[in-house]
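Written below as structure tokens is the structure these notes are about.
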Amino acid sequence: MTNTVPVQAALPTPAPARRPVPAWRLLVPTMTPWLAVGLVLVVGICLFGLIGPLLVGDPDTIRDVGLAGPTGDLWLGTTQTGQDVLAQLAHATRGSLQIGFLVGILATVLSAFFGIYGAYLGGAADEVFSLLTNVFLVIPGLPLVIVISGFVPRESRGLWTIAVVLALTSWAASARVLRAQTLSVRNREYVAASRLSGERAWRVIVVEILPNLLPVLASQFVFAVIAAVLGEAGLSFLGLGASGSSTLGTMLFYAQNGFALALGAWWWFLPPGLLIALLGTGLSLVNFSIDEIVNPKLKNVRLHRKRTRATAKAERRGRR
């Protein structure tokens, strides 16, 4: 009689447990090649604008070598009056970044106040805020900016004046989006519970509503910075920019007046134009990545991608 050893069927290896995606990860854009390129461009230009003026000479120093091409001492050549283009570019980049971020902050604050606060209060306040938003929304932005800048005396047209003018003409569209988002969040149970418990309006907005709108606010801030840099460059190119301040737009203005294009002095007008294009490209790439959080369709794709990556990592760890 032969002893037979029972063969046990191989049990299937249990799949690794899927860990839930942390809530904070849903508020952070997924690192992609496009986002990496955008961050490198934006951080690089910001560092150049912050540190560059400390490393270059005086941009107003006049030399006797007008329209000289790039050399070992003057990396980007000189202007018509012999001024160092690289020194001007560093200071102009800082000025454009100051206006861009200042307008971004002001426009975001205005849109948040009229969009979030008005929608939360409802009633007559919401109607008045919506009416004001619609009025600013239908007014053409660029002609209004040109008219306002043209009426302001040049000696009073400083950095803050241009920033306020650009901010007043760029907040309305964002306020409409925030109002729609706030109306949907306001009807949720935890917000209603906070209101019924007697919490103050500002605390309900800051604690309960605002965290849900952070991706939208971040996207609107980035877009406002892009629009501000381009708008300021257009105003300065027309001679309506801030007086007494150096920006990339003023560099293009003086290059045009100095016939840099006709004289073939590419080192005078190409660097500021290229920096504006690169800054806009970098901010746009960052904004596209933030849009993955804001857009519900892209948000589902992004969440599925995160879960797939987390599952793949867990499987690799299980095999080890």
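Position 1 is the first residue of the sequence, and the numbers go up from there. Quick note: numbers below take in every heavy atom, side chains included, and nothing from hydrogens, waters or symmetry partners.
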- Item | Taking every non-hydrogen atom, the tightest pair across S236 and T247 |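 So the minimum-distance heavy-atom pair works out to OG-OG1, 3.6 Å.
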For [X], I'd like to know if atom [atom1] has over 12 heavy atoms of other residues, nucleotides or ligands within 6.0 Å.
| X | atom1 | answer |
| --- | --- | --- |
| F259 | CZ | no |
| F221 | CZ | yes |
| Y120 | OH | yes |

Check: [Y] main-chain N/O paired with [X] side-chain donor or acceptor under 3.5 Å:
| X | Y | answer |
| --- | --- | --- |
| S174 | S111 | no |
| N287 | L283 | no |
| S96 | V229 | no |

Nearest-0.5 Å distance, [atom1] of residue [X] to [atom2] of residue [Y]:
| X | Y | atom1 | atom2 | value |
| --- | --- | --- | --- | --- |
| W267 | L86 | CH2 | CG | 14.5 Å |
| T93 | M251 | OG1 | CE | 8.0 Å |
| D60 | D84 | CG | CG | 11.0 Å |

- Do the rings of Y117 and F129 sit parallel, tilted or perpendicular, given the 30° and 60° boundaries? tilted
- Message: Under the criterion side chain to side chain donor-acceptor pair (under 3.5 Å), I'd like the reasoning laid out for T133 against R176: C-alpha separation, chi angles, the key distance, then a yes or no.
- Response: CA-CA 7 Å; T133 302; R176 294 284 294 178; over 6 Å; no
- The single option from L97, L89, I99 that satisfies side-chain contact (heavy atoms from CB on, under 4.5 Å) with L248 is L89
- Task: Going by the side-chain contact (heavy atoms from CB on, under 4.5 Å) test, name the single residue among L166, L168, I162 that passes it with V164.
- Result: L168
- Kindly determine whether W34 and F288 satisfy ring pair (Phe, Tyr, Trp, His ring centres under 6.0 Å), including the steps that lead there. CA-CA 9 Å; W34 295 115; F288 293 156; 9.3 Å; no
- Task: Report yes if some heavy atom in the side chain of Q83 is under 4.5 Å from a heavy atom in the side chain of D58; otherwise report no.
- Result: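 They are not in side-chain contact.
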- Query: Within a strict 4.5 Å, meaning less than it, do heavy atoms of the C46 and F101 side chains meet?
  - Reply: yes
- Query: Should F253 and F237 be marked as a ring pair (Phe, Tyr, Trp, His ring centres under 6.0 Å) after you check the CA-CA gap, both sets of side-chain angles, and the distance that decides it?
  - Reply: CA-CA 4 Å; F253 172 74; F237 188 75; 7.5 Å; no
